[in-house]
Amino acid sequence: MTLIPKEYNVGNEIIFVCGARDYHAMDWYFRAKEILPNRRIIVVTDVISGEGFNKLLSNTDELIKLLIIDKLLFNKQSKIGNIWRNLLKLIVLPIQIILFRRIARRYPDAVYHAHGMYYLWLLGATKLEFTGTPQGSEVLVRPFSSRIYRYYAIKALKSAKIITVDSVNMQKRIKELSGLNTVVIQNGIDVNRILTCAKLDYKRNKILSIRGFTSLYRIDELLKARNLMNNKIDLHFIYPFYEDTYKSRELKNFKKFDKDYGRVSKEEMLNILACTQLVISIPKSDSSPRSVYEAIFSGCAVAVTYNPYLDVLPECMKGRIIIVDLKMENWLEEAIVRSEEITSSLYSPSQEAIKLFDQKESMWLIANLCYNK
């Protein structure tokens, strides 16, 4: 049983303000419920499912609804759908602010945690004290493609009492953008569950893409490299989200035995990783990808393009990483050869790796930093 530190006031609710279909935010919520069983923990949201996303919350979870926009969204994910969703969220933001202020009056002593820049904007407009956790692309990409977004992102970040990020790269960018200091807390993973699945007696023979099926994650580069190989291999794809037009175009480059799993449950993902030899993660930009860490702890080799998060990994994790150069025509072929050697030995995580990436450790850091009110 998890013991609650004496300094916690059990009467103060913890309120997550986020998208209720966001895997990352919901994992933080579920972990908070796990380690703080005596605290009342609530989700406030404007999206629950929609666009083909599955509902992640159950009837036992406490949910407070803003104006839910699910029925106003497209039936599936697409570039146009993304634009429409973002526009719609901006249009209804004044309504959401009014609704949230009513909620806040009911919970004057609550601790608020916003996940995602939109929800930082929302809480910033209410003048409440809150912790903000932006996502990678919201800091690493979007501020440099839109001056308007950059202005409001900086304003939202400055409205937070504490900002947590998952990588040194994000920390540096926020410092450059706003002069603000942030706290780096790694995206935790379920170490015990992953290591249990990794011990299953499966033959490792899959080549797996595990990131989003969008242009950011360069699925086209993976398919191009595979189709240039003399020795044809099958590719497998799981992804938390996709862009419909991009996916439809790239499906034309699939081969007969390629496997498209789509969005899978955590259990399904871990079972697939248990029989995977090489995971591919080659985005144009990256922060601190939990799926890469899950793949490593699952015993896979992982082919990546260089990103700063790699520099701070423990040595045992670096030993499972293959840094590739996409300018080299045979990058995939060489990665497959190297992955055979890497996966010939079992992955044994160091205590440093476990302490750094175990999600309970990460959540205790968050709890002690942000929820001790």
Side-chain angles (χ1 to χ4, degrees), residues 22-31 34 54 56 135-136 166-167 184-200 202 204-213 216-217 219 222 235-241 259 261-283 286-305 307 309-310 312-323 335 339 342-343 345-363 365-366:
D22 180 343
Y23 266 137
H24 289 295
M26 289 299 94
D27 269 351
W28 285 55
Y29 162 71
F30 291 128
R31 296 295 78 73
E34 183 180 359
N54 295 325
L56 300 177
Q135 297 178 350
D166 60 20
S167 70
V184 178
I185 297 178
Q186 289 286 355
N187 281 324
I189 61 176
D190 193 339
V191 170
N192 290 334
R193 184 178 179 188
I194 293 170
L195 293 178
T196 298
C197 287
K199 292 177 182 178
L200 297 174
Y202 293 145
R204 292 191 178 273
N205 55 12
K206 285 182 171 57
I207 312 300
L208 178 70
S209 173
I210 200 171
R211 308 298 297 276
F213 206 122
L216 173 64
Y217 296 99
I219 305 300
L222 170 57
L235 295 177
H236 299 250
F237 295 84
I238 61 176
Y239 41 88
F241 54 87
K259 178 69 173 179
Y261 295 95
R263 184 177 171 116
V264 299
S265 69
K266 181 71 73 175
E267 194 68 33
E268 290 173 310
M269 183 193 75
L270 294 180
N271 286 332
I272 292 169
L273 286 173
C275 52
T276 293
Q277 175 181 315
L278 177 64
V279 165
I280 311 293
S281 175
I282 52 172
D286 222 348
S287 177
S288 182
R290 184 173 56 177
S291 58
V292 168
Y293 309 143
E294 288 171 328
I296 292 172
F297 274 79
S298 293
C300 312
V302 186
V304 301
T305 45
N307 273 285
Y309 76 85
L310 297 168
V312 299
L313 294 182
E315 291 302 317
C316 67
M317 297 178 71
K318 289 180 180 178
R320 313 298 284 195
I321 293 287
I322 303 164
I323 298 177
S339 70
I342 290 171
T343 56
S345 60
L346 297 175
Y347 175 64
S348 179
S350 64
Q351 286 303 308
E352 178 190 6
I354 293 172
K355 187 171 180 60
L356 188 59
F357 288 99
D358 186 85
Q359 61 189 12
K360 287 186 179 179
E361 295 283 348
S362 296
M363 183 48 67
L365 291 173
I366 288 288

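If you're wondering where the values come from, they're calculated on a predicted model, not measured in any experiment.
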All pairs passing salt bridge (Lys or Arg N to Asp or Glu O under 4.0 Å) where residues 293-303 contributes a residue, at least two apart: Lys266-Glu294
Residues, nucleotides or ligands: over 12 heavy atoms within 6.0 Å of Lys318 NZ: yes
From OH (Tyr293) to CD1 (Ile194), nearest 0.5 Å: 12.5 Å
Residue pair Leu208, Cys300: steps toward the side-chain contact (heavy atoms from CB on, under 4.5 Å) verdict: CA-CA 10 Å; Leu208 178 70; Cys300 312; over 6 Å; no
Shortest non-hydrogen contact between Val292 and Ser281, atoms and distance: CG2-OG, 3.6 Å
Side chain to side chain, Phe297 and Met317, heavy atoms closer than 4.5 Å: yes
Nearest-0.5 Å distance, OG of residue Ser298 to CD1 of residue Ile189: 7.5 Å
Stepwise side-chain contact (heavy atoms from CB on, under 4.5 Å) test for Arg290 and Phe357: CA-CA 9 Å; Arg290 184 173 56 177; Phe357 288 99; over 6 Å; no
Nearest heavy atoms of Pro314 and Ala353, plus distance in Å: CG-CA, 3.8 Å
side-chain contact (heavy atoms from CB on, under 4.5 Å) between Ser291 and Arg211, intermediate numbers included: CA-CA 7 Å; Ser291 58; Arg211 308 298 297 276; 3.2 Å; yes
Whether Arg320 side chain and Ser339 backbone form a donor-acceptor pair below 3.5 Å: no
Spacing of His236 atom NE2 and Lys206 atom NZ [to the nearest 0.5 Å]: 5.0 Å
Tyr239 backbone acceptor or donor facing Arg263 side chain under 3.5 Å: no
Where Ile296 and Ile321 come nearest, the two heavy atoms and their spacing: CD1-CD1, 3.8 Å
Within-4.5 Å side-chain heavy-atom neighbours: Phe241 and Tyr217: yes
Nearest heavy-atom neighbours spanning Ile322 and Ala335: CD1-O, 3.5 Å
Taking every non-hydrogen atom, the tightest pair across Ala274 and Cys197: CB-O, 3.5 Å
Exercise: do Asn187 and Ser288 side chains pair donor with acceptor under 3.5 Å: no
Close side-chain approach of Val184 and Val312, heavy atoms under 4.5 Å: no
Distance in Å, Leu278 CG paired with Arg204 CZ, rounded so as to fall on 0.5 Å steps: 11.5 Å
Whether Ser209 side chain and Phe237 backbone form a donor-acceptor pair below 3.5 Å: no
Check against side-chain contact (heavy atoms from CB on, under 4.5 Å), Asp286 and Val304: CA-CA 10 Å; Asp286 222 348; Val304 301; over 6 Å; no
Spacing of Thr196 atom OG1 and Asp190 atom CG [to the nearest 0.5 Å]: 8.5 Å
pair Pro289-Asn307: side-chain heavy atoms closer than 4.5 Å: no
Exercise: identify the closest heavy-atom pair between Thr276 and Ile272: OG1-O, 2.7 Å
Under 3.5 Å donor-acceptor, Asp358 side chain and Lys360 backbone: yes
Spatial distance of atom CD (Glu34) from atom CD (Gln359) [nearest 0.5 Å]: 6.5 Å
Check: Tyr347 and Ile342 side chains under 4.5 Å, non-hydrogen atoms: no
